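Not measured: the values here are computed from a predicted model. Every chain is numbered from 1, with letters handed out A, B, ... down the list of sequences.
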Amino acid sequence: MAPFPNSTGRWLRRAWLLPLVLLALPGCFLQSGPLGPPAVFDGGLEPRTSVIMCDIPKVPQPGGSDCADSIETGFGMSMSEAAIALVQGESSSLALDFSQAATDACFGLPRKTEFHGAFPDGYAVCLNCGGQIPSTYADATAVCVAKCIDLIHYGELPEPEGSAESFCQLNARLSTNFDKITTCYAAACSSGGTPLPNFVDPRRTQEPVKWVHPIGTATAGNPGNTLVRTSATSAPPAFDAGDASAQLIMKGDGWVEFEATDNTRGHAVGLSAVPVLQNGAPPDDDPTLADIGFALVLDSDGNVYIYESGTKVPGSLSNGSVATYNAGDRFRVRVKDNNGVPPNTATITYHKLTAPCSLDGGTICASVQIGGQTASSPSYPLRVDASLKELGATLKDVTVVRIQ
Amino acid sequence: MKTKLTLLVAGALSAIALTASPANAAGQQPLVITDLRGSVRIQLSLPCGEPVDETTSIAAGRMDIKPEILMREREIVSAMFDLTRLDAFLTVPFEVRRDCGGIEAIAAFREIGLRLAGAVRFPGEEVGGRGSGQYRFVIPKEQFLIYASVLDNAPVPQPETSYQRPSADVFGLIDVSRELVQLHVVLTSQVRLRAGCASSGRCLIDQKETVVHTADVVGVGGGCTVRPSVDIDPRLDGTPPTVSCTASPLPGSSFLVLASDDDCTPPTLALGDFTLANGEVIQLQQTGRPGVRLLATGRAGSTRHFQVGRGEAIVTATDAAGNTTTAACR
């Protein structure tokens, strides 16, 4: 009888090895029917606790239409709503493109894209980030491409036109607002590379406004998105101190959200269209209401007014206001992408939150619309603009939601 | 040599929704379910020693599913469900030991993670009566892909990963009123077992076995209004369970039995004097002879075949408080 190889496993004493269903044994192995070619994506050795969120579209069915039907149009997720959907915890595997080009091609209905994961959250790809980037994958996008190829191969769908590789190179990408600076989110997956149930996606949190054009103001609080007037009150009091954000809303839906710390001083926050120059947006050297294209003014009389480029818009209430406010009431100036009609423009609306709502995100805050724009639709990009009237007037926790 | 991982997972998952989200609301928020329960049974005959027949439970997980129910004048026009996320961790450490001829072998697992490898949209069919909020569904196996990632004691790079497709269509029940989702997944495959291999490549053992993973998992639904206790006061729970017995897409006169209850405890299901499992598929044959009889079953895990008298294909669900509901199988 030919000698049998000794086992090499640390827990085996002879060559007789018992194959077990969930087991890899040296000298004894299990082979199941293979499901597709070897995997392309290599997440690296454990711990695969980091995650990259990818938008990986499914390969369209041959002969199928990429136009949404009426029911899909009702339940799918508009691509322009991606940033708002993230903070509100909304998603769908079906994304809709309502751009002019898409609706023209689809007879008035949007073009649809079906994703392997939820849109805009993305498909979670767990990996050993430090071990795989940049040694195996040049960047996070390359990770998304590799995973996309595997999902095509193992999905056993017909190969896309060209090849899986070319389809994925063209279409797989990082998902909405995924942090390109940190490359991966840490502590999102188990050591073996399965997404953890209670991982809180940092994109659910609204972005603190970064104030960068102070005139008579200073920032306060942590992370510094509270704005305080530090210059003396003018005589008579006037909105002549202010600031503007570094962040720009370049496209899609979004908002700026804020509150005042008292209702006896004047506070104004809104959005202004800015030109994009070679070196970025120009500095904001006008702190007055006239410089804010679309503003909500929480004034010193306890009332809320709408001002557009310095002109008061008559409100629905008898005193010309649109609402009253108290300290701590939160408001939003919202942006809705016009999807190309007219091109590169948005529609502005004004809202008041009607109940306390967590700023941590993942929830839909109850709100009521208190007004809409009367001026022409502004063009992108837009930036947050603020003006304060009296010394000590404070805008607290000013945040912005946008497609980055 | 890297061994291909064979991880066959089958389970019906029940879950408790984290947030209340009525299925027919106009919002885009999915039901986010972070209380996942269930079990996985793994069966495999071995050429030596006792066959493997092990069960492990689901320890944690998450499911994101969004009902898309379109109603017009109180009639359901369309009922679709968008399952975008399903992750589950099985209870570990999980260990399988076998002894053959005095040799002990151990397979030890530190982590067993499973996830849905691609979002699935599928239609649902309302059951349990109009307005019940219960929908049963069947997902073709071609549309359902599982990705497994395991940390074990095998002398290969960790983790071991694989893609798996179910061996049968995935079916289940969604109770949007109680925020309950039950999912039944079965995987079956062939394994090649080799042992005692010489350098020539000849092995003492070299044969194929069918690995049967039969999942029959009962889950506890969300929206529970009464917490179970040893001495439950029946006065606290006056809500009867919900039960359905509907024709299964599987071949033959097969019926899928599904039930849920608001007291966080799965109801007891019965067909005549026989106890059924929640999510069980049974075969029924109507005869002229009164009563319910169980015909001989095949190997463990196969579908049970009952003969029933005319009008006796009735399933009864009874909850812990004694509330009952019946459903005719049709």
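- Under 3.5 Å, the side chains of A:S91 and B:R85 contain no donor-acceptor pair of N or O atoms.
- Each of B:A119, B:S78, B:S200 has some count of heavy-atom pairs under 4.5 Å with chain A, and the biggest count is that of B:A119.
- Against chain B, the residues from residues 41-51 of chain A that qualify, each with a non-hydrogen atom under 4.5 angstrom away, are A:G44, A:L45, A:E46, A:R48 in number order.
- Partners of A:Q369 under the side-chain hydrogen bond (donor to acceptor under 3.5 Å, both in side chains) rule, at least two apart in sequence or in another chain, do not exist in this structure.
- For a residue to count as touching a neighbouring chain, one of its non-hydrogen atoms must lie under 4.5 Å from one of that chain's; by this rule B:L70 touches chain A with backbone and side chain alike.
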Next item on the list: Decide ring-ring contact (aromatic ring centres under 6.0 Å, His included) for B:Y135 and B:F81; before the verdict, give the C-alpha distance in whole Å, the side-chain angles of both, and the deciding distance to 0.1 Å.
Entry: CA-CA 10 Å; B:Y135 300 83; B:F81 297 90; 5.5 Å; yes
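- Applying the ring pair (Phe, Tyr, Trp, His ring centres under 6.0 Å) criterion to A:F178, with sequence neighbours excluded, gives A:Y185.
- With a 4.5 angstrom heavy-atom cutoff, A:N198 touches chain B only via side-chain atoms.
- Listed for the A:D253 side chain is a donor-acceptor partner under 3.5 Å among the backbone atoms of A:D337.
- Formation of a donor-acceptor pair under 3.5 Å by the B:Q143 side chain with backbone atoms of B:P140 is not found in this model.
- Heavy atoms closer than 4.5 Å to chain B are found nowhere in A:F119, neither backbone nor side chain.
- By the SG-distance test at 2.5 Å, a disulfide connects A:C126 to A:C189.
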Note to self: Determine whether B:Q28 and B:K66 satisfy the following criterion, side chain to side chain donor-acceptor pair (under 3.5 Å), listing intermediate values before the conclusion.
What the structure shows: CA-CA 8 Å; B:Q28 293 273 28; B:K66 188 177 68 168; 2.5 Å; yes
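- At a cut-off of 3.5 Å, with distance as the only test, a side-chain donor of A:S93 or B:D82 sits close to an acceptor on the other residue.
- Of the atoms belonging to A:E81, not a single heavy atom falls under 4.5 Å from chain B.
- Proximity to chain B involves both the backbone and the side chain of A:L196, based on heavy atoms less than 4.5 angstrom apart.
- Remark: A:R334 pairs with no residue by the side-chain hydrogen bond (donor to acceptor under 3.5 Å, both in side chains) rule, at least two apart or across chains.
- Among A:A124, A:G193, A:G117, the residue making the largest number of heavy-atom pairs under 4.5 Å with chain B is A:A124.
- Looking at B:E111, the atoms closer than 4.5 Å to chain A (heavy atoms on both sides) all sit in the side chain, from C-beta outward.
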